[in-house]
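Structure first, then comments.
As the structure is a computational prediction, the values presented were derived from the model and not from experiment. Only this structure's heavy atoms are used, side chains among them; waters, hydrogens and symmetry mates stay out.
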Amino acid sequence: MYEERPPGPDLAGRVACVWHQVSETDTTQLVVPDACVDLIWGPEGLFVAGPDTGPMPTAMAAGDTFIGIRFKPGAVGDVFGAPVHELRDQRVPLSALPGLPIDESCAPRPEWRLEAMGAAVERRLSRSAADPAAPAIARALMAGRTVTEVAWDLGFSDRHLHRRAVAAFGYAPKTLQRIVRFQHALRLARAGMPLAEVAATSGYTDQAHLSHDVKRLSGVSMGRLVSPLRVPA
């Protein structure tokens with residue numbers, strides 16, 4: 001069982017959603033890149049899931065409970081006290097990061113855990129800034145603008161855009177573009193759009209280009225992603 005809900009108003013500016021998942025069986029779930037960073041409380045405690053560049057199969061035992069706060073792309077800033085690019089493709093115990101202390105002994109119940117996480121994130125966000133250009137960078141790259149065009153539109157040099165993207169998202173602009181385009185295509189495919197139309201709408205050269213990028217980022221075909229992907233552990 002997996003559920004998402006919108007964050008409260010105090011988190012909505014920089015948080016995409018809060019979520020809760022309970023595994024019903026022993027399974028391996030495929031996590032694919034989405035340009036987000038998550039704070040997660042799982043069976044082994046609190047950890048940070050950094051921005052991914054490829055598939056991350058995650059083993060789950062029956063009854064395992066995970067609670068998460070997902071930051072919008074480019075919105076995490078220095079909440080965890082570490083550069084975002086250092087979290088790329090990593091799962092880091094929160095205790096190893098200096099920015100967001102949470103007492104894991106104080107919240108044995110899932111609802112208490114989410115409350116403790118939300119309160120800590122809210123306090124930290126009040127003292128932590130994110131790059132105000134990040135949403136515009138992501139939107140422009142998802143719309144198919146080239147890196148040079150995005151830099152020009154924002155008044156940056158290509159090199160300056162590269163620095164801003166790595167600092168905000170953990171990725172170089174071309175990698176970010178590939179990931180946000182992939183996520184756009186995945187949303188369209190899950191809504192029932194034919195793949196040829198998905199490719200054209202999302203800015204791929206053709207359906208073969210879409211298939212290649214999907215396999216590169218997720219390790220599986222779009223058909224497997226559109227269906228819930230649970231591989232027995």
Close side-chain approach of Arg14 to Pro7, heavy-atom, < 4.5 Å: no
Could you see if Ile102 belongs to whatever hydrophobic cluster contains Trp112? Use Ile, Leu, Val, Met, Phe, Trp, Tyr and a side-chain cutoff under 4.5 Å. no
Could you tell me which non-hydrogen atom of Pro55 sits nearest to which non-hydrogen atom of Gly219, and how far apart they are? CG-N, 4.1 Å
Report whether Val18 and Leu100 are members of the same hydrophobic cluster (ILVMFWY, side-chain heavy atoms less than 4.5 Å apart, transitive linking). yes
Check for me, please, whether Ile179 and Val166 land in the same ILVMFWY cluster - side-chain distances under 4.5 Å, paths through other members count. no
Can you find a heavy atom in the side chain of Asp34 that is under 4.5 Å from one in the side chain of Phe182? no
For Leu210, does its backbone N or O pair with a side-chain atom of Asp213 as donor and acceptor, under 3.5 Å? no
Taking Gln21 for the side chain and Glu3 for the main chain, is one N or O donor matched with an acceptor at less than 3.5 Å? no
How long is the span from the CG atom in Leu30 to the CZ atom in Arg224, to the nearest 0.5 Å? 9.0 Å
Check: Ser126 side chain, Arg123 main-chain N or O, donor-acceptor pair, under 3.5 Å: yes
Are any non-hydrogen side-chain atoms of Leu114 and His20 less than 4.5 angstrom apart? no
Would you call His162 and Pro173 a side-chain contact if the rule is heavy atoms closer than 4.5 Å? yes
Less than 6.0 angstrom from the centroid, inside 45 degrees of the normal: does Arg181 satisfy that with respect to the ring of Tyr204? yes
Is it the case that one hydrophobic cluster holds both Val31 and Val180, taking links as side-chain heavy atoms less than 4.5 Å apart, direct or via other members? no
What distance separates Lys215 NZ from Ser221 OG, expressed to the nearest 0.5 Å? 7.5 Å
Keeping the roles fixed (side chain from Gln90, backbone from Leu87), state whether a donor-acceptor pair exists under 3.5 Å. no
Spacing of CG belonging to Leu217 relative to NE2 belonging to His212, to within rounding of 0.5 Å: 9.5 Å
Between the main-chain N or O of Val220 and the side-chain N or O of Ser218, is there a donor-acceptor pair closer than 3.5 Å? yes
CG on Leu11 to NZ on Lys72, rounded to 0.5 Å: 10.5 Å
Short question: side chain of Thr25, backbone of Ser23 - any donor-acceptor pair under 3.5 Å? no
SB check Arg91 Asp52 (cutoff 4.0 Å): yes
Please report the C-alpha distance between Phe80 and Leu94 in whole Å, then the side-chain angles of each, then the deciding distance to 0.1 Å, and finally whether the side chain to side chain contact (heavy atoms under 4.5 Å, CB included) criterion is met. CA-CA 8 Å; Phe80 299 113; Leu94 185 65; 3.8 Å; yes
Going only through I, L, V, M, F, W and Y residues with side-chain contacts under 4.5 Å, is there a path from Leu97 to Phe169? no
Quick check: closest heavy atoms across Ala120 and Pro101, and the distance to 0.1 Å? CB-O, 4.4 Å
Please name the pair of heavy atoms, one in Leu195 and one in Ala189, separated by the smallest distance, quoted to 0.1 Å. CD2-CB, 4.2 Å
More than 12 non-hydrogen atoms from neighbouring residues, nucleotides or ligands closer than 6.0 Å to CD on Glu104, yes or no? yes
Do you know the tightest heavy-atom contact between Pro33 and Gly54? CG-N, 3.5 Å
Any Leu125 side-chain heavy atom under 4.5 Å of Phe71 side chain: yes
Are any side-chain N or O atoms of Asp78 and backbone N or O atoms of Gly81, one a donor and one an acceptor, separated by less than 3.5 Å? no
To the nearest 0.5 Å, atom OH of Tyr171 lies from atom CG of Leu141 at 13.0 Å
Identify, with sequence neighbours excluded, every residue that meets ring-ring contact (aromatic ring centres under 6.0 Å, His included) alongside His85. none
Find out whether Arg88 and Thr53 are in side-chain contact, i.e. whether some heavy atom of one side chain is under 4.5 Å from a heavy atom of the other. yes
Taking Ser202 for the side chain and Val198 for the main chain, is one N or O donor matched with an acceptor at less than 3.5 Å? yes
Residues 35-51 side chain polar contacts: donor-acceptor under 3.5 Å, at least two apart:
residue, atom, partner, partner atom, Å
Asp38, OD1, Arg70, NE, 3.2
Asp38, OD2, Trp19, NE1, 2.9
Asp38, OD2, Arg70, NE, 2.9
Asp38, OD2, Arg70, NH2, 3.2

Taking every non-hydrogen atom, the tightest pair across Val32 and Gln183: CG2-NE2, 4.0 Å
List the steps and the verdict of side-chain hydrogen bond (donor to acceptor under 3.5 Å, both in side chains) for His160 and Arg163. CA-CA 5 Å; His160 184 62; Arg163 288 198 301 270; 3.3 Å; yes
Do Phe66 and Met60 make a side-chain contact, defined as non-hydrogen atoms from C-beta onward lying under 4.5 Å apart? yes
Looking only at heavy atoms, which two atoms of Asp158 and Val147 are closest? And how far apart? OD1-O, 4.3 Å
Met1 vs Glu24 side-chain heavy atoms within contact, under 4.5 Å: yes
For the CE atom of Met193 and the CZ atom of Arg187, what is their distance to the nearest 0.5 Å? 12.0 Å
